[in-house]
Each structure stands twice: as structure tokens, then as C-alpha cells.
Number of protein chains: 2
Amino acid sequence: MPTKKRTVTIQDVAKKAGVSVSTVSRVLNGKADVAGDTQEKILGVISKLGYTSNLAARSMRSRRKDLLGLVVPDIGFPYSIEVMKGINRAIAESTFDLLVYTMGDVHKSGAVLHEQHYVSLLNNSLTDGVIIVASAAAEFITDAPIIAVDPHIVNPRYPSVQGTNYQGAVEVMQYLLKLGHERIGFICGRPEIASAERRLKGYKDALKEAGIAIDKDLIVPGDFTTKSGYASALQLLNLKHPPTAIFAANDQSALGVFQAAQEMELRIPEDLSVVGFDNIAEAKYVGLTTVDQFLSEMGYIATQMLIKMVNHQPLDVQVHKMPTRLVERTSCRALVQVN
Amino acid sequence: MPTKKRTVTIQDVAKKAGVSVSTVSRVLNGKADVAGDTQEKILGVISKLGYTSNLAARSMRSRRKDLLGLVVPDIGFPYSIEVMKGINRAIAESTFDLLVYTMGDVHKSGAVLHEQHYVSLLNNSLTDGVIIVASAAAEFITDAPIIAVDPHIVNPRYPSVQGTNYQGAVEVMQYLLKLGHERIGFICGRPEIASAERRLKGYKDALKEAGIAIDKDLIVPGDFTTKSGYASALQLLNLKHPPTAIFAANDQSALGVFQAAQEMELRIPEDLSVVGFDNIAEAKYVGLTTVDQFLSEMGYIATQMLIKMVNHQPLDVQVHKMPTRLVERTSCRALVQVN
DNA sequence: ATAGAGAACGATACCGGTATCGTTACCGAT
DNA sequence: ATCGGTAACGATACCGGTATCGTTCTCTAT
């Protein structure tokens, strides 16, 4: 065990170089007021001592940190991953770095509280601005740049990037109806989340539009997980009049439908048509027809908007609506002749 | 635009509650020396004002932060994602939170420099310890708990969790040899990375062991990306004597082999056998036979080891070797009768 | 020669917390 | 009545940087 070496501070550098801390700080921040040879000497000492500045100390005094924060419920979710890819890309193109705060498990108790805590933690401490993904947190924050991707509530007090969940769901239904399906099951998302509610409404409205009565048995609960998708699919498929098609509120639960179908020895799409929502990476591999809501792009745009806010530039729009696109793969079958 | 509200500080809370900052701090940290009603009043003020403590300020003075840092090259990589899942799990079980630092793009210039910078940034500023994933950074760090997952160099000066890359590669080769393959192509990983080198050595040694001469044409370069896997696969498949099987240094490049095969209208496994390494999520969907090196578990164990280090508990081992397991799926075909 | 300007650098306050030590009030014991 | 002990709380130094202002020195213009 090596002796506990104290970390090198700016004081050490100043002493070693025979100058004041002020001068070292000036060199570190590229200010003009330093003679050429002094600067060289200080830089030499810095690299010799292996000095790196203390983020905490710096961010206390100076406003600008060139750092953006990201609060995400669960890093492991495919959904989060897609969004993060886009954020990553925007970060790589910018002068900012990224600090991700995660709470490990959304479902653990007090997660929302934690979430709020972290947002303000990042917010008034370390970062210039914060991106919140799929959350209701930070409703009380007013004093710093914040942007939400797919917020849980419809009209947050801060800017956001949202998918066109309603329109996307309607398109799915029109597609299934065109294929001749009339008994279409719907696996809900978490009811407290705005996007889940929008998709359900799209499902219902499209049926009404087509003159088909809504059968309550065909609408089953869910919480966006594969597990719940599996359970709900079983429920649907064991109905006396099971649906010919299932529309799951997201791809993760659609994957659960695949599991259930396999277990009941139903082939997709021959015996059952399935559509999801999100277009996560896995969807491609299982041939799931779904709605691409360009999650990565949402992350990308949100980051760019946040950077604008940090730089005190005006935003073109407070709410950026991201269009959706139906991605037709091999999980649906036509029951009628389609032109 | 709302007026720039100053963030609420401990001073504000103290003033509002009619006590000193010391007392507020005591309440925040759960110290005993506070009267019951005083505590209640302060807690009331805190929630009324929506106060949250400034991480930067706190971590400057107090040694313990209950926060672990993670430096990861690219959040979007399936490899990183798997490791992070395990870390996430360990974090959820612990009292620590996690701060992830990413630089967006490994391939952007100066990334290694950035990486080192971030490590020490987190290290001596914000976190109690740091996990480094797949990197050569932090060679110069000596003064704080650090652990590496799959480090780029063989013997880092700090503890690490490593896969048994050599053994895993040997097993793959023995498997392919048993299936009757003799012309086996190898797509390399990034040569500067220790694990890539170990896998290559496993490939060569297994061939030697089987008495098969090494054909240099069958060993092609790569850099762990799907793109390079695609290009290298084309190179192999256009050989005068193309291989009957390709062993890619990781799953990502194996995915590139799939692309190349599809383009050349070769069926897998009928016309070409493919094996990867890592067992990322995608591998399951395409039926890729690969080596599971339990990335998630590696992240989990590394986190637990780091927590021990932070708590000044002794480590059982400095280098935790994680065994590998061949996952047989549908991307390989037997050329001979196998008992 | 002297004033004024500007370059180069130092001294110090300050950011928002925590750690340490000091102070006050109140209690029972001598 | 005086004292010692303890509970409750306040005052202040300090963490490691940056921002601000002041100081010193040189050089040029008058």
C-alpha cells in the first residue's frame, strides 16, 4: 500500500514554478497577461508534477464549466441507449463534455426523489445545463438550462423534444386495418407517462375512425417491460376471441409478445401479427414492424438545443416535435388482398 | 424569460430558519448535536426553499462523497453497454451513486489525453474512486482507488478485472477444428489492446497445437468495428483459397462478416461458419456462436472491488480473472461427422 | 525629468459547503 | 453559591480554484 499522496494542487505548481497561484491560473485558462517564458516554465512544472485541476473547486467559482449533465433512469434500457447515442454524437461535435448521472434502478424506492435530487445536484454544482430523459423530475427547477427528452408530462415548464406519439400510433392502426385486421389488441405502457397515454389514444381514435367498436378486453395493462409484455400477451391470446394482431406500446413489450407466441406455438406473422413502438436495435433482428421515433436524433437535437440555451441563444421552438415513421418488417401479415 | 434566480444555498436556509450554517450542516449530515424541534424547523425550511446541497462545495471539504466515477470511451458501444449493466446493478445494491464520464468519440483526436484528464478529474475532485473500462488511461495515477475492466495493458499498476481472452480463443479454435475446419480466417482487433493480442495468440497456438501451418493471408487486420469486420471479411472471402470459417476478434466485427457474406450471397452457416467474441446482445438475434466473457459480471465485480478499496478493505486478488464460456448457436457448420 | 500607459504579476476576497473549536445555557452535585 | 459536565449551537478556518483589484516595472511621449 503506497503512502497516501496528497493530490497536486495549483499551490504546489505555483511554489515549484516560483510564481503566484494567480499566474498559474492565468496560464491554465489561456489568459493573455503572461510572459512567454513564464508560461513555458509553468507548463513544464504542470506536466512534471502531473497536475490536473480540481473540477469541484473550479466549478464553484467560475460560471462556465463546459460540461453538460444527463440524468437517465436506467442506463441498461435499450430506450436510454438509443437516446444516449444521439447525445453522444452531439457532445463529440461540441466543446462540451458529458456527465451522466444514473440511479441504477428506476423501480427502487424513492427513485423519483433521487432523480430530482440529482438534477439539481448537477444543475447548481457541476454542469452548465442538464438533459432529462423520460422523466417527470425537475418540475421545480427554474434557474438553470434544462431540456427534457420525451418528458412524462405533456407541458413541462422547460423546453423539450417529444415524439409524435399520437400520430405514430394512428399510423400503426391504419396499417393494421389496411391489412384487414379488426380484432387488434393493445398492450399499454405505464399509465402515468404522457407518451403511453398518447399512443393509447391513437389506438382508440383510429378504431373509432374506422367504425370499429372498442373492445375493453383487447386493451391490457403493461409497463414497458418485456416481462409485462409477455404476461399481457398471454392474457390476450387466451381470450375466447383472441386478436389477430397485437400493438404493443413499445418494442420491449412487443418482445414479450414474441416470447408468449413462441410458448403458445403461434407463428409470427402467420398466426399473429405484432407491431411495436420505438425501433430499438433489437427490433431489426427479430423482424419487428415498429414505429421509428428517431430516439437517437431526439437526443442529438435536445443536446443542441441545450447548448444554445447555455450560450444564451434563443430557441427556435420550445417544443421540438419529432416526426415518426412506420418501419415495415416481417411481423405482420395481411388478412385481405392489399392493392 | 424568468429572472436569473440565484440558487438556494445553505446560507439562505440558515437565515430563514434563524440558525447558523453550522446547525443546518449538522442536520444535513444527520449529526446528533441538534435539538428535535430545531431539526424539524430546518427540514421544513429546506423543503420549502427546495434546497439541495452543492456537490462541488461539499466534495471539496469532506473526503467522502458516496459517489463512484466511471470513465468509458463510448457509451454507444454494445461492449460498454454490457459492462455498464453490471456496474449499474452493483451501484443499485450499494449506497453509492454513479457518475459516468464519456468523451463522446474514442476516435477523435486527443481522446487518450482527454481520458487521462477525466480520470484524474473525477478522481481528485468528485468521486471516491474510479472505474476505467477498456482503456490505457490513468497509468500515472497512484493516489486514489482505481480499478480497470479489461485494461489495454497486461499488467496495470492498479487492480483489474480481466477476461481469459487467450483461453477463450483457444476454445473457439478447438471447436472449429473439431467441426473439421482447417482454413480458418482471423479478423484482428486493435493491435495495441492487450485482449486483442491475447485472442490472436490463442488462434495461432491452437493451430500450431493441431499441426496446421499458419497462413498469413488468413490473418487480416481490424479494429473491433462492424465496418472493419465487413472490409476484412471481403478480403478473406476474395482469397484464391477462401477460409471455410472466420473467427472475428469481437462480435461487432463478426456482424461485419455477416454483412459481407450476405452481399456475396454466401449463406451462414451453410457456406461460411462464423464465430465472434463478447456475446453482446445482438449476437443472440443473429444466431452468432461466440464467447461469453460475462461482461456484465465483470462490471459488477469491478464495482464491488472498488467499493472495497474505497472502504479500505483488503482485496482478495489484484487481478480478477473472469472465465469464458463458448456459446454455441447457429453460425457454424460441421464439415465432418462429429461424434 | 516626469507623467501616463500598458505589460506582467501578486494579494486577497470569494464560491458553498464541512470540520474544528469555542461559547452559552442549563443541569445536578458538592 | 460555586463548580463541572453536557447539550445545543455559533464563529471561523479551510478545501482549491477563479475574479478582481492592486502593485511593480518598463517604456514612451511630453
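Sequence lines set the chain letters: A, B, ... in the order given, protein chains first and strands last, and positions in each chain run from 1. Computed from a predicted model, the values in this text were never measured in an experiment.
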Handout entry: Dot-bracket line, read 5' to 3' along DNA chain C, where crossing pairs take [ ] and | marks a partner on another strand, Watson-Crick or G-U under 3.5 Å
Key = ||||||||||||||||||||||||||||||
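- Using a 4.0 Å heavy-atom distance criterion, A/T23 is classed as a sugar-phosphate-only contact.
- Around atom NZ of A/K48, no more than 12 heavy atoms belonging to other residues, nucleotides or ligands sit under 6.0 Å away.
- The side chain of B/R26 lies closest to D/dC9, out of C/dG10, D/dC9, C/dG16.
- At C/dT18, none of the side-chain N or O atoms of B/K31 fall inside 4.0 Å of OP1 or OP2 (strictly under the cut-off).
- Donor-acceptor pairing under 3.5 Å, judged by distance alone, is absent between the side chain of A/T38 and the base of C/dA8.
- Listed nucleotides: C/dT18, D/dG10, C/dG10. Nearest to the side chain of B/R61: C/dT18.
- Cation-pi contact between A/R190 and A/F224: absent, since separation from the ring centre below 6.0 Å together with deviation from the ring axis within 45° is not met.
- In the set D/dA8, D/dG17, C/dT12, C/dT12 carries the atom at the smallest distance from any side-chain atom of A/V21.
- The base of D/dA19 is not paired with the side chain of A/S25 by any donor and acceptor separated by under 3.5 Å.
- Dashed line: the shortest gap from a side-chain N or O of A/N29 to OP1 or OP2 of D/dT18 is under 4.0 Å.
- Contact annotation: B/S20 reaches the phosphate of D/dG10 (side-chain N/O to OP1 or OP2, under 4.0 Å).
- Taking the side chain of A/R58 as heavy atoms from C-beta on, and the options D/dT18, D/dG16, D/dA8, the nearest nucleotide is D/dT18.
- Mapping B/M60 and B/S22 onto DNA chain D via the closest heavy atom, the residue that lands nearer the 5' end is B/S22.
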